[in-house]
2 protein chains.
Amino acid sequence: MTAQVGTRLRSDARDNRERILAVARLAFATEGLDVPIREIARRSGVGAATVYRHFETKEALLAEAFAEQMTACSAVVEEGLAAADPWLGFRLVVERLMEMHALDRGFARVFTSQVSQSVFAADRDRTLRMLLDLVRRAKEAGPLRRDFVLEDLVLALMANDGIRAESPEIRAAASRRFAALMIQSFMADPVPAPLPPAVRLPLTRG
Amino acid sequence: MTAQVGTRLRSDARDNRERILAVARLAFATEGLDVPIREIARRSGVGAATVYRHFETKEALLAEAFAEQMTACSAVVEEGLAAADPWLGFRLVVERLMEMHALDRGFARVFTSQVSQSVFAADRDRTLRMLLDLVRRAKEAGPLRRDFVLEDLVLALMANDGIRAESPEIRAAASRRFAALMIQSFMADPVPAPLPPAVRLPLTRG
DNA sequence: AGTCAAACGGACGGGGTGTTCCGTTACGTT
DNA sequence: AACGTAACGGAACACCCCGTCCGTTTGACT
């Protein structure tokens, strides 16, 4: 059973727990969700059993590892809601969410995972529902196209997750340009705006 | 070693080879690249060794299975090049490529795979290079934004691959809407156009 | 220092995958 | 019909994964 948060842990246990979480966050962010538990244990300097003593299953570890990312998403949405101009707030949310997802492969994946039973679905849906108000206001204010639906943002986020690159830096750059393009497409009366720099993907050198 | 194409195969061998290819194409298209070779062998009614006798490695099987999809891509681009209006041609290419990728998870994945050594990279790059002319003409004609680069299409295709859904139908519908959005964002002087219907993704029911 | 339960980690079982070995089958030719 | 070989397929190999068991270590408290 997962150790209770309220329960006093032995000092070594508490240290191990936090070290495992830190290692897991980094590993999942940079390498994706399929990093083996054993590998996380190895990098944490513990045995595999110790990881399982602290986290019932791999999904439990994922849930805890991404908890702060999840709340960071909520924070971004709240920031967007607080903006004076709803369209600016909406843009900010799109840009920030996509950047977060670009910098954390693992989180991006679980955020858009389709499994409704997932531990993340509830939090994600709450975050997205908060956005509904911002969307409504951005439509009323004019700049957001009327036929935009929340699912379009989900679509854009899933699409953003599809962007792969050799390094987090390149992926972030590609994601920035992608976000700018998507925002263009969400505008009711688009005024062409300059885009972030294009990225050089490992394709035709021509 | 993979059986030579020119070499006369025994009738049963030839039958098996084509059955394996057909099964592999369907499996990779509907279930993705990680369908086990064993499973493909089982569905083909042969042993695993028989698959390996016809295809040196799994990647070789992938290459051959997606060969016709690869040429279909070239055909789409040529169709686009042949269009009288380069912008219409460009739109057609984007829409058709994205639809193809939405209907074939496996092909989508290998087409945008970053491994330059990949057997697909050469064909893909040749196809993309053909597009350069269409892009240039679409820019000169006016509708395509001047700061568009070919990498943006690759970006869009990778993004399209990120769209996941429960069924191929839903994925295709989502992809259609996504393609329309991307095309909007590629326009130099966007005139808001109606979008294909929104998709109901398994998220907030609100 | 002594004690004891909490915490640990190496080894294990069960399952999966790509690929190969080798004894068996069956096609095609005489 | 007989025969040689191309082709076959089940079993095996090597590797990796998740999750658990159990004998050993170690922190905390007296």
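Each chain gets a letter, A, B and so on, in the order the sequences are listed, and its residues count up from 1.
- The ring-ring contact (aromatic ring centres under 6.0 Å, His included) test applied to F186(B) returns F148(B), not counting sequence neighbours.
- Atom CD in E39(B) sits roughly 15 Å away from atom C1' in dG15(C) (whole-Å rounding).
- Note: CD1 (I37(A)) to C1' (dG9(C)) measures 15 Å, nearest angstrom.
- In this view, R43(B) and V23(B), A27(B), E31(B), E39(B) satisfy the side-chain contact (heavy atoms from CB on, under 4.5 Å) rule, not counting sequence neighbours.
- When the C1' atom of dG18(C) is taken as reference, atom OH of Y52(B) falls 4 Å away, rounded to whole Å.
- Residues satisfying the side-chain contact (heavy atoms from CB on, under 4.5 Å) test with L103(B), not counting sequence neighbours, are E99(B), A172(B).
- The distance between atom CD1 of I40(B) and atom P of dT19(C), rounded to the nearest whole Å, is 12 Å.
- A search for side chain to side chain donor-acceptor pair (under 3.5 Å) contacts involving S11(A) returns nothing, not counting sequence neighbours.
- Distance, I20(A) CD1 to dC8(C) C1': 11 Å, rounded to whole Å.
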Please enumerate all protein N or O atoms sitting under 3.5 Å from an N or O of nucleotides 10-14 of chain C, with distances to 0.1 Å.
none

Name the pairs: protein N/O against N/O of nucleotides 27-30 of chain C, kept only if under 3.5 Å.
unit_1	atom_1	unit_2	atom_2	d
dC27(C)	O4'	R10(B)	NE	3.4
dG28(C)	OP1	S11(B)	N	2.9
dG28(C)	OP1	S11(B)	OG	3.2

Identify all side-chain donor-acceptor contacts of residues 79-98 of chain B below 3.5 Å with residues at least two apart in sequence or on another chain.
unit_1	atom_1	unit_2	atom_2	d
D85(B)	OD1	W87(B)	N	2.9

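- The side-chain contact (heavy atoms from CB on, under 4.5 Å) check on A180(A) picks up L195(A), P196(A), with sequence neighbours excluded.
- Contacts of N16(A) with the nucleic acid, taken as non-hydrogen atoms under 4.0 Å apart, involve only primed sugar atoms and P, OP1 or OP2.
- Checked against ring-ring contact (aromatic ring centres under 6.0 Å, His included), F107(B) has the following partners two or more places apart in sequence or in another chain: F66(B), H101(B), F111(B).
- For T71(A), the side chain to side chain donor-acceptor pair (under 3.5 Å) test picks out no residue, with sequence neighbours left out.
- Between P36(B) and A13(A), the residue anchored nearer the 5' end of DNA chain C, judged by the nucleotide with its closest heavy atom, is A13(A).
- Between L132(A) and R129(A), some side-chain heavy-atom pair lies under the 4.5 Å cut-off.
- The separation between R42(A) atom CZ and dG9(C) atom P is 14 Å, rounded to whole Å.
- Of the N and O atoms on the side chains of N16(B) and T50(B), not one donor lies less than 3.5 Å from an acceptor on the other residue.
- With a heavy-atom cut-off of 4.0 Å to chain B, the contacted part of DNA chain D has its first and last nucleotide at dA6(D) to dA12(D).
- In this structure, H54(B) places its NE2 atom 16 Å from C1' of dT20(C), rounding to the nearest Å.
- The phosphate of dA7(C) has neither OP1 nor OP2 within less than 4.0 Å of any side-chain N or O from T50(A).
- Residues satisfying the side-chain contact (heavy atoms from CB on, under 4.5 Å) criterion with I170(A), sequence neighbours excluded, are A165(A), E166(A), S167(A).
- T57(B) has a side-chain polar atom (N or O) that falls below the 4.0 Å cut-off from OP1 or OP2 of dT19(C).
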